[in-house]
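Only one structure is covered here, and it is reproduced in the block below.
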Amino acid sequence: MTKYPLEKIRNIGIIAHIDAGKTTTTERILFYTGKTHKLGEVHNGTATMDWMVQEQERGITITAAATTCFWRDCRFNIIDTPGHVDFTVEVERSLKVLDGAVVVFCGVGGVEPQSETVWRQADRYNVPRLAYVNKMDRVGSDFNNVLAQICERLGANAAPIQIPYGLEESFSGVIDLISQKLWFYEDDTGKTYELLDIPAEYKEKAEKARAMMLEKLSEADDVIMEKFLNNQPISVEEIRKSIRSAVINGHFVPVLCGSSFKNKGVQLLLDAVCDYLPSPKDIPAIKGMNEKGEYEEIAVSEASPFCALCFKVATDPYVGKLNYIRVYSGKLSSGVYSHNSSRRLNERVAKIVQMHANKQEIIQDVSVGDIAAIVGLRDTKTGDTLCDENTPIILEPMKFPEPVISQAIEPKTKADQEKLALALKKIEEEDPSFRVTYNSETGENIISGMGQLHLDIIIDRISREFNVSANIGKPQVAYKETLTKKVSSVGKFIQQSGGRGQYGHVVFEMSPKEEKSKNDIEFIDKIRGGSIPREFISAVKKGVIAAARNGILAGYPVIDVVVTLVDGSYHEVDSSELAFQMAAGIAFSEGMRSASPVLLEPIMDIEVVAPEEYMGTVIGDLTSKRGKIVSVGKRVNLRAIRGSVPLAEMFGYSTTLRSATQGRGSFTMEPSAYAEVPAHISQKIVTQGSVTRHRV
């Protein structure tokens with residue numbers, strides 16, 4: 001495989017709301033770069049990157065697919081990600097390892113709910129990005145409206161570097177504001193185009209858009225500002241250099257346009273990726289934790305010791321487990337051993353492959369800046385660091401969202417029991433947002449995920465890929481428990497049995513957590529003066545975490561609680577880690593009982609798009625489901641209703657909405673937060689909890 005210098009590599013992701021055209025755009029990129037010679041279509045189930053049977057049947061992307069292609073003198077490592085919120089973990093782990101992203105927006109829909117989610121994810125990882133307004137050929141498309149939404153809803157310092165030539169069905173080209181030329185497409189494949197001067201009727205519009213571009217760019221570049229304010233000429237090279245610098249620093253978002261389905265504008269998008277998105281050399285050096293527990297920067301160089309992050313695990317029917325890695329420094333060859341610093345073990349690299357969707361090309365080695373997959377790693381999981389054994393370092397692991405919905409699953413026959421356990425284990429390894437637990441009270445396996453579609457796809461995979469017949473229970477909401485006031489609690493565990501006994505004594509202060517975004521238990525150690533020896537503090541924390549897995553109302557996990565260890569005592573002979581773990585569990589449970597505990601339920605942000613004549617019915621139905629309407633906007637001849645609603649009320653909503661709108665309405669949902677369950681509903685759940693409660 002030809003080696004490309006680091007400055008010529010682009011690791012990019014295609015991210016967007018569902019149906020914005022991510023996979024279609026990726027298909028066109030593969031076609032124009034010569035990676036494929038036939039245009040694949042999502043609606044026909046022939047898209048290269050949608051290789052799973054479930055993706056082809058449903059016309060949606062479910063799993064992030066990687067590929068490599070070449071444009072101009074650059075090498076692109078591309079990851080095409082899902083748009084549906086149920087598979088948001090695929091976007092999360094892709095953005096963790098990517099250097100840049102192309103955010104695709106629908107020219108009609110504009111900034112949709114999942115657009116905001118992926119944008120926030122890119123913000124979290126400081127990923128530089130380009131905005132591409134797709135579907136400019138569609139009826140109702142409005143480039144200026146989408147641009148305004150990108151600036152207002154996403155808070156981006158965004159400006160057009162292109163504007164569309166022609167509206168809706170007459171869209172036939174792109175005006176480049178930097179070179180001030182019109183790209184006019186002559187054929188349906190988009191391979192043949194003319195480079196023309198801007199037509200007279202578009203001159204004024206192009207000048208206004210160019211002035212906006214330079215004005216926004218001047219906010220991030222003093223040289224451009226000075227020339228712009230003094231009406232001095234600015235060269236094409238100066239503009240491109242300024243845009244590149246501002247994009248890499250996160251100060252500017254160039255907005256492009258086109259129609260991927262009609263094969264217009266994609267070559268200019270490829271040029272923009274080469275010109276403006278960063279190479280591995282342009283991004284800040286990644287940091288990790290060394291053996292001494294100190295943060296250390298890793299030099300981006302092939303001469304540095306090897307370091308890579310495993311960001312995805314997949315199962316291939318022919319070669320077994322595939323570990324996708326992003327290499328941050330050094331080089332790795334097949335046939336050698338690599339050190340997993342996260343688990344402190346060595347694993348042999350049997351084979352290294354370059355991925356093209358689900359197809360593999362064997363390569364001998366990978367080096368800094370590459371994205372590839374490894375065959376042969378047994379124990380390496382998503383988020384683990386692979387490195388040189390002589391210079392161990394651990395990169396920051398990824399954080400994944402908590403599941404919001406659960407179902408019981410059991411094998412239909414005894415013969416399927418072992419096969420089901422194996423299938424669930426493999427899928428759990430692949431998908432960090434999928435959890436499997438066992439309910440000892442009901443004897444059921446409980447599967448938990450990000451939404452009904454997520455679990456439906458997993459159940460379908462269990463049936464098809466693993467050939468397992470299973471019975472499925474009704475969906476259950478992943479409720480949580482928390483406390484509502486500050487309390488003090490004491491836990492003592494004393495046991496005498498003739499010989500050495502057990503003695504543990506702790507005093508807690510427990511209070512609601514102010515920052516509720518992480519949904520976890522915060523443990524603070526305030527022991528001073530040795531009332532509890534240091535070696536028992538970790539056991540106290542373990543006891544708290546274990547007790548928090550089952551609340552005292554209906555057995556649901558406890559979240560958003562700060563537990564402060566303030567006092568306690570120990571016995572020189574009888575105290576042990578087990579005793580303090582038990583004492584901590586007792587103190588936690590007692591504290592929860594006296595702190596007015598409440599049930600929490602997942603609240604979903606929802607957007608319903610429906611014709612205006614059904615507005616009253618849709619809003620009335622959402623209100624009856626305890627929904628809150630936040631805004632009502634217009635989208636061509638439709639209305640877009642945004643609000644929030646409890647997940648518990650939304651099972652079967654797609655059928656309800658179809659009935660209410662004669663099949664013309666659609667909706668999207670994504671997890672937003674946890675909120676207190678109303679008292680009368682909470683009482684019902686607690687009453688049923690003795691029968692149906694489960695761990696999530």
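Just so you know, these numbers use all the heavy atoms, side chains as well, and skip hydrogens, waters and symmetry mates.
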Is there a donor-acceptor contact under 3.5 Å linking the side chains of [X] and [Y]?
| X | Y | value |
| --- | --- | --- |
| Ser304 | Tyr328 | no |
| Gln502 | Asp574 | no |
| Thr380 | Asn340 | yes |
| Ser489 | Glu590 | no |

Going through the distances and angles, do Val327 and Phe306 end up as a side chain to side chain contact (heavy atoms under 4.5 Å, CB included)? CA-CA 8 Å; Val327 183; Phe306 172 70; 3.9 Å; yes
Partners passing side chain to side chain contact (heavy atoms under 4.5 Å, CB included) against Ser531 (at least two apart in sequence or in another chain): Ile527, Asp567
Side chain to side chain contact (heavy atoms under 4.5 Å, CB included) with Lys331: which residues, sequence neighbours excluded? Glu302, Ser333, Asp365, Ser367
For the student: nearest non-hydrogen atoms of Ser511 and Lys486, plus distance: CB-CG, 3.9 Å
Could you tell me which non-hydrogen atom of Ala373 sits nearest to which non-hydrogen atom of Met355, and how far apart they are? CB-CG, 3.9 Å
Judged by atom type as modelled, is there a donor-acceptor pair below 3.5 Å linking the side chain of Ser448 to the main-chain atoms of Pro403? no
Could you check whether Glu509 pairs with Lys526 (Lys NZ or Arg NE/NH1/NH2 to Asp/Glu carboxylate O, under 4.0 Å)? no
Could you tell me whether Arg343 and Asp384 make a salt bridge, using a distance below 4.0 angstrom between a side-chain N and a carboxylate O? yes
Tell me, do Tyr324 and Cys310 make a side-chain contact under 4.5 Å, heavy atoms counted? no
Are Ile537 and Ile532 close enough that some pair of their side-chain heavy atoms sits under 4.5 Å apart? yes
Listed once per pair and sorted, the salt bridge (charged side-chain N to carboxylate O under 4.0 Å, His left out) pairs that draw on residues 576-587, sequence neighbours left out: none
Within 45° cone of Trp119 ring axis and under 6.0 Å: Arg124 NZ or CZ: no
Tell me whether Arg534 forms a cation-pi arrangement with Phe536, defined as NZ or CZ under 6.0 Å from the six-membered ring centre and within 45 degrees of its axis. no
If you draw a 6.0 Å radius around CZ in Arg378, do more than 12 non-hydrogen atoms from other residues or ligands fall strictly inside? no
